[in-house]
Amino acid sequence: MSFETQATLPIATSAAEQHQTEPRMSERHRNESYLSLVWRRLKKSWTGMLGLILVCLLLVSAVFADFLSPVDPKATNIGFSPPQLPSFTDKDGNFVFPPRVYPVRETADLDPVTFQPIIGPDYDNPQIIGLFVKGAPYRLLGLIPLDRHLIGTQDGSPIHFLGTDKFGRDVLSRMLYGSRISLSIALTVVFIVTVVGTTVGMVSGYFGGRFDAWTQRFVELVLAFPQLPLYLALTSLIPVTAPTHVFLVFVVGVISALGWAQMSREVRGKTLALARIDYVRAAIAVGASDRRIILQHIFPNVMSHVIVAVTLAIPSVVLLESFLGFLGFAVKPPLISWGLMLQDTSTYSVIGSYPWILSPVGIVLITVFAFNALGDGLRDAIDPY
């Protein structure tokens, strides 16, 4: 009897210990929400985190463009001035700190190709670079009057890290200000496309039948529209004297009217699969309304796909806005956008002689990469299988 007791006690004790340790091991994951799981998976993707960091930097630079811009984007100086790079040496080659730039001055010599005055650095009058320096006045967030800029010259003279355009306007400052219009157009278009496309797709896929058939024929008609010829035709239809706000509304409306159909088709496919799941059929059996089933059961399950589609749609709209701006279908001055800046690159001679005019192409590529990398990371984090 004692032998059996001694033999069974260690087994019972080990089972009890195992039963006590299992909750402790799972205590860390017991209350973890779905968003926490997505965030934990996203942190493991270095491309997704890089995209997230770049997207945050783009949004911050757009919001605080006034503070980050070294000069007033509308102020004019020497046309096609080359970029001024910070230097840690003086004209004799000695190391100096803080860094400085040398102002660009026109010389008496002429360029043999363009027959314009050759410009070069003035080593006798260096400009010291400083942080939080005084410059052009502005209103931070449209409310707080300030005149401090993140970087600039200590004496308040203009500095052009990426050179100037043909009118002598600073390219870097115009890129920062242009991000507001370009990203605003992209976010507005994607918001409209997401709301309309998600709503039409869920309703069409859930109800099915004749309503779904007629809805999908209309979606196919929208998808069959030749977008490029339509955009080219619109560039000639919009009058040059049209007000800027009317032009912006027209651009957003046209891009949104042609972009919601693809989102609708994708959401409809997800809804068709979800409408046949057991818990949706159980909700129908207990008498739940169609509105409740769509909002409480189907909508949360299609949101993962919609979020990824949104992050991948934003760079497409940014590229489209830049392309339309290159064709002339862009915002009008005094507003600034990346597409408007790309109009200056339409001449090959300008690109060959002044390659820094292509700087907006770099920020467009960074924006496209950032949102695409974030979308890929979110796709793997939301649906790892």
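By convention here, the first residue in the shown sequence is residue 1.
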Query raised in the report: Side chains of D376 and T47: does their closest heavy-atom pair fall under 4.5 Å?
Result: no
Report task. For residues T367 and W338, report the shortest heavy-atom separation together with the two atoms involved. Result -> OG1-CH2, 3.4 Å
Report task. Go through the steps for F323 and V364 under the test side chain to side chain contact (heavy atoms under 4.5 Å, CB included), then give the verdict. Result -> CA-CA 11 Å; F323 171 71; V364 170; over 6 Å; no
Query raised in the report: Does the side chain of H149 reach to within under 4.5 Å of the side chain of P70, using non-hydrogen atoms?
Result: no
Report summary line: Tightest non-hydrogen contact, residues V190 and V317, listed as CG2-CG2, 4.0 Å
Requested in this report: Salt-bridge test for D278 and R281: reply yes if a basic N is under 4.0 Å from a carboxylate O, no otherwise.
Outcome: no
Query - Close side-chain approach of Y206 to D290, heavy-atom, < 4.5 Å - result: yes
Query raised in the report: Atom CD1 in I366, atom CZ in F371: separation rounded to 0.5 Å?
Result: 12.5 Å
Report task. Name the orientation class of the two ring planes belonging to F97 and F88 (parallel below 30°, tilted from 30 to 60°, perpendicular beyond 60°). Result -> parallel
Query raised in the report: Roughly how far, to the nearest 0.5 Å, is the CD1 atom of I144 from the CG atom of D66?
Result: 11.0 Å
Query raised in the report: With the 4.5 Å side-chain cut-off for hydrophobic clustering, are L68 and F132 part of the same group?
Result: yes
Query raised in the report: Is there a side-chain contact between I128 and P98, using heavy atoms and a 4.5 Å cut-off?
Result: yes
Requested in this report: Show your working on side chain to side chain contact (heavy atoms under 4.5 Å, CB included) between Y279 and L274 and close with a plain yes or no.
Outcome: CA-CA 9 Å; Y279 64 80; L274 293 171; 4.1 Å; yes
Report task. State, without any angle test, whether D90 and Y123 hold a side-chain donor-acceptor pair at a distance under 3.5 Å. Result -> no
Query raised in the report: Given side chains that start at C-beta, do those of M263 and T194 come closer than 4.5 Å, heavy atoms only?
Result: yes
**Report entry** Closest approach of G51 to A373 (non-hydrogen atoms, all atoms of both residues)
**Finding:** CA-CB, 4.0 Å
Requested in this report: Please step through side chain to side chain contact (heavy atoms under 4.5 Å, CB included) for the pair K74 and R169, ending with a clear verdict.
Outcome: CA-CA 6 Å; K74 300 176 184 177; R169 298 170 299 189; 5.7 Å; no
Query raised in the report: Looking at OG1 of T76 and CZ of F167, how far apart are the two atoms once the value is rounded to the nearest 0.5 Å?
Result: 10.0 Å
Query raised in the report: Does T311 use its side chain to pair, donor to acceptor, with the backbone of V308 at less than 3.5 Å?
Result: yes
**Report entry** Verify same cluster id: I53, I314 (apolar side-chain graph, 4.5 Å)
**Finding:** no
Query raised in the report: Looking only at heavy atoms, which two atoms of I357 and D165 are closest? And how far apart?
Result: CD1-CA, 3.8 Å
Query raised in the report: Do W260 and T199 have side-chain heavy atoms sitting under 4.5 Å apart?
Result: no
Requested in this report: Spell out, yes or no, whether F299 and V306 are grouped together once hydrophobic residues are joined by side-chain heavy atoms under 4.5 Å, including indirect joins.
Outcome: yes
Report summary line: d(L172 CG, Q84 CD) to nearest 0.5 Å is 11.5 Å
Report summary line: Taking every heavy atom of S359 against every heavy atom of V171, the minimum-distance pair comes out as CB-CG1, 3.9 Å
Report summary line: CE (M202) and CD1 (I298) are apart, to the nearest 0.5 Å, by 7.5 Å
Requested in this report: Grab the two heavy atoms, one from I151 and one from V133, that are nearest each other, plus how far apart they are.
Outcome: C-CG2, 4.0 Å
Report task. Answer whether the closest heavy-atom distance between the side chains of V310 and V193 falls below 4.5 Å. Result -> no
Query raised in the report: Do F211 and L272 share a hydrophobic cluster, counting only Ile, Leu, Val, Met, Phe, Trp and Tyr and linking them when any side-chain heavy atoms are less than 4.5 Å apart?
Result: no
Query raised in the report: Looking only at atom types and distance, does a side-chain atom of S337 sit under 3.5 Å from a main-chain N or O of I181, one as donor and one as acceptor?
Result: no
Query raised in the report: Cut-off 3.5 Å, side chains only: do R291 and Q296 have a donor facing an acceptor?
Result: no
**Report entry** Salt-bridge criterion met for K44 and D380 (N-O under 4.0 Å)
**Finding:** no
Query raised in the report: Hey, are the side chains of I336 and M341 touching, using non-hydrogen atoms and a 4.5 Å cut-off?
Result: yes
Query raised in the report: Measuring from L58:CG to S182:OG, what's the distance to the nearest 0.5 Å?
Result: 11.0 Å
Requested in this report: Find out if a path of hydrophobic residues (ILVMFWY) with successive side-chain heavy-atom gaps under 4.5 Å connects M49 to L54.
Outcome: no
Query raised in the report: Taking the six-membered ring of Y102, is the NZ or CZ of R100 close enough (under 6.0 Å from the centre) and on axis enough (within 45°)?
Result: no
